[in-house]
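Every number for a ligand or one of its atoms is a count from 1 in the order of the listing.
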Amino acid sequence: MSTDTGPQARHPSADGLEPAELEGRARAVLDANWRIGFTVPSASLYPHQWSWDSAFISIGRSWFDEARARQELMTLFDAQWVDGRLPHIVFNPAVPRGAYFPGPGFWRSRRAAGAPRDRSTSGITQPPIHARAALEMHRHASDIEGSRAWLRALYPRLDAQHRYLDGARSTNPSGLPAIVHPWESGLDNSPVWDRILAGLTIPPDAFPRFRRFDTAHADAADRPTDSDYNAFVYLALRYRDAGYSDADLAATMPFAVAGPLFVAIHLWSTHALAEIAQIIGADPRPHAEAAERIHAAMLDQLWDPAAQRFLARNLVTGELEPEETIVSFAPLLDPDLPRSSVEAIVADLESACFHPIEGPHYVVPTYSVRAPGFDRRRYWRGPVWLNTNWLLAAGLRQHDRSDLASEIAASSLELVAGAGFAEYFDPFDGAGHGSADFGWSAALAVDFLRQASGGRSRVRAIVRAGRKHHEEVDPGAAQAQADPVSTAARH
Ligand code: 2M8
């Protein structure tokens, strides 16, 4: 999406938009992004299949096209490795080389032990939201028998995915699944990783010069920096050149982290897997036991009593990474989270760091708006994203905070009604950034619309308000708000 074409272009014709029309537009985006058996996150910026994107997209699509939604997850799992790992990208052979970096020639998956031989993939993974997605889809399936048969076919693959994460990836002192690359977190350039990336020593001859293609499709100011990309490439090559081996990760990989978002999603999906097992007549107990174990390890390893916050643990140094970001809220997905932790998270969520008291704004920014490094448009360093909003809304509903969940849902719908299905949004003026026509923004808008509590009339008011809200924002005031110094001065 161009961000330089002024407010009119950023907020096209939301005038008088009805919820049904908004859903129609979302469906049109998903249909335009459909390829053979899966949906691309973005036709320009991400022209292949991404793992957690497909899960979010399937949830939204399943409200109106169950067959394609199921097919999407099956296509993804067709690329699962023998060890159970689900790759974060499955490359579309129809896309020309050079459309995306790093492509199949970089990852060289076909040479790796246990990778599929008939298609190219990356060798890293992404947050395992898939079992939860499958359960969500089943819950609102109109064709229950078809859905049950599909779950039966998917279950062994989901089970293998979880065994991989609970096995090879959890063989470290935390007992939690480690991620070996910021791309595995899904929140690539989140400030959570800054300290670790700053400490990397990248030898000058570590890799040949490479060319990024992302900045040809999105404004460079919206994307990770070149120095982020150097670290991303270096870490991916380290893992690839070690044969994608998970042996002794904390000793062999410079980046090995147990992060609250990845872990909480894994835990939430483990609970979903137990339910799926029950639905298809398999034994839920191993999953229930795994969930208990992950819950205990998450509280023990990732809760910082001093900060009263969940933080990512650097498994190389043993330290917790202190940045105040949205990952700290993800443990709301744990249905057994102690009340005191729920209350601490809600207090953070409602604080001026994530919910500025004055002036119009949208929730939930991905980084504290008061942090010196907060950036209202740069990717995972401040903007609002629909998938993190969707996860937090689900977590809040689980802990009887439907009031806050509805607020997040309303903010999400206002954003897409005002700025279209952008990849991410400025928390102050609601402008869209990154790619336009982004898959999970469209899909999760459908889910928010279908799940909206308070009835259709309330949704209609929210969708209409989307445009009004955008019009009322004074960009000058929004800029002042985004400046942490002036924000701090007001409180
Ligand atoms: C972004 O990540 C990819 C690398 O995987 C990229 O920047 O090229 C992230 O937002 C990630 O969470 C997402 O799955 C992917 C595709 O939407 O894009």
Side-chain angles (χ1 to χ4, degrees), residues 1 29-30 33 35 38-60 72 76 86-92 95 98-104 106-107 121-130 133 179-190 192-193 210-220 222-226 228-233 235-236 239 259 261-262 265 325-327 330 366-367 377-391 421-425 432-444:
M1 162 171 291
V29 167
L30 294 177
N33 289 6
R35 300 293 178 268
F38 70 96
T39 314
V40 292
S42 150
S44 54
L45 193 53
Y46 310 112
H48 301 283
Q49 182 173 29
W50 259 261
S51 172
W52 76 331
D53 296 67
S54 277
F56 289 123
I57 288 168
S58 297
I59 292 169
E72 171 123 26
L76 179 67
L86 193 61
H88 99 299
I89 303 175
V90 183
F91 290 103
N92 178 0
V95 169
Y100 177 80
F101 174 82
F106 175 95
W107 293 101
T121 74
S122 70
I124 58 171
T125 192
Q126 257 189 338
I129 186 74
H130 312 81
I179 54 170
V180 298
H181 196 290
W183 281 333
E184 290 200 315
S185 75
L187 273 54
D188 308 355
N189 70 340
S190 169
V192 183
W193 322 127
F210 59 88
R211 201 174 134 219
R212 295 173 59 175
F213 297 108
D214 56 320
T215 42
H217 301 296
D219 196 317
D222 296 359
R223 296 284 307 169
T225 61
D226 283 346
D228 290 332
Y229 257 78
N230 282 337
F232 295 161
V233 166
L235 291 172
Y239 192 47
L261 180 75
F262 193 99
I265 287 177
T325 73
I326 200 156
V327 303
T366 39
Y367 189 23
R377 63 181 294 177
R378 198 183 289 281
Y379 217 36
W380 293 101
R381 303 183 71 87
V384 175
W385 289 70
L386 252 68
N387 68 330
T388 42
N389 270 7
W390 186 88
L391 290 166
F421 303 101
E423 191 178 357
Y424 41 95
F425 304 87
H433 289 288
S435 171
D437 297 336
F438 186 67
W440 79 44
S441 297
L444 296 176

Trp440, any N or O under 3.5 Å of ligand 1 N or O: no
For Trp385, run the ring pair (Phe, Tyr, Trp, His ring centres under 6.0 Å) check against Trp390, Tyr379, Phe421 and tell me which one passes. Tyr379
Out of curiosity, Phe56 CZ to Ser441 OG, how far, rounded to the nearest 0.5 Å? 11.0 Å
For the residue pair Phe438 and Tyr46, does the interplanar ring angle fall in the parallel (under 30°), tilted (30 to 60°) or perpendicular (over 60°) class? perpendicular
Any idea which protein heavy atom is nearest atom 1 (C) of ligand 1, and the distance to it? Tyr379 OH, 2.8 Å
Minimum-distance protein heavy atom relative to atom 12 (O) of ligand 1: Gly186 O, 2.6 Å
Please work out which of the three classes, parallel, tilted or perpendicular, describes the rings of Trp52 and Trp440, given edges at 30° and 60°. perpendicular
Do Glu72 and Ser58 have a side chain donor and acceptor closer than 3.5 Å? no
Out of all atoms in ligand 1, which are within 4.0 Å of some heavy atom of Trp52? Include the element for each. 11 (C), 12 (O), 13 (C), 14 (O)
Rounded to the nearest 0.5 Å, the CG atom of Leu76 sits from the CG atom of Leu86 at a distance of 4.5 Å
Quick check: Trp385 and ligand 1, any N/O pair under 3.5 Å apart? no
Sub-4.0 Å heavy-atom approach of Asp53 to ligand 1: yes
Look at atom 10 (O) of ligand 1 and say which protein heavy atom is nearest, naming residue and atom and giving the distance to 0.1 Å. Trp380 NE1, 3.1 Å
Asp188 neighbourhood, listing ligand 1 atoms whose heavy-atom distance to it stays under 4.0 Å: 1 (C), 2 (O), 3 (C), 4 (C), 6 (C), 7 (O), 9 (C)
If the cut-off is 4.0 Å to any non-hydrogen atom of Arg223, which atoms of ligand 1 fall inside it? 6 (C), 7 (O), 8 (O)
Aromatic plane relationship, Trp50 with His48 - under 30° parallel, 30 to 60° tilted, over 60° perpendicular: tilted
Judged by atom type as modelled, is there a donor-acceptor pair below 3.5 Å linking the side chain of His130 to the main-chain atoms of Ser51? yes
Taking only heavy atoms of Gln126, which atoms of ligand 1 are found under 4.0 Å from at least one of them? 11 (C), 12 (O), 13 (C), 14 (O)
Heavy atoms only: which of Tyr46, Phe101, Tyr100 lies closest to atom 4 (C) of ligand 1? Tyr100
Any idea which atoms of ligand 1 are less than 4.0 Å away from a heavy-atom of Phe438? 17 (O)
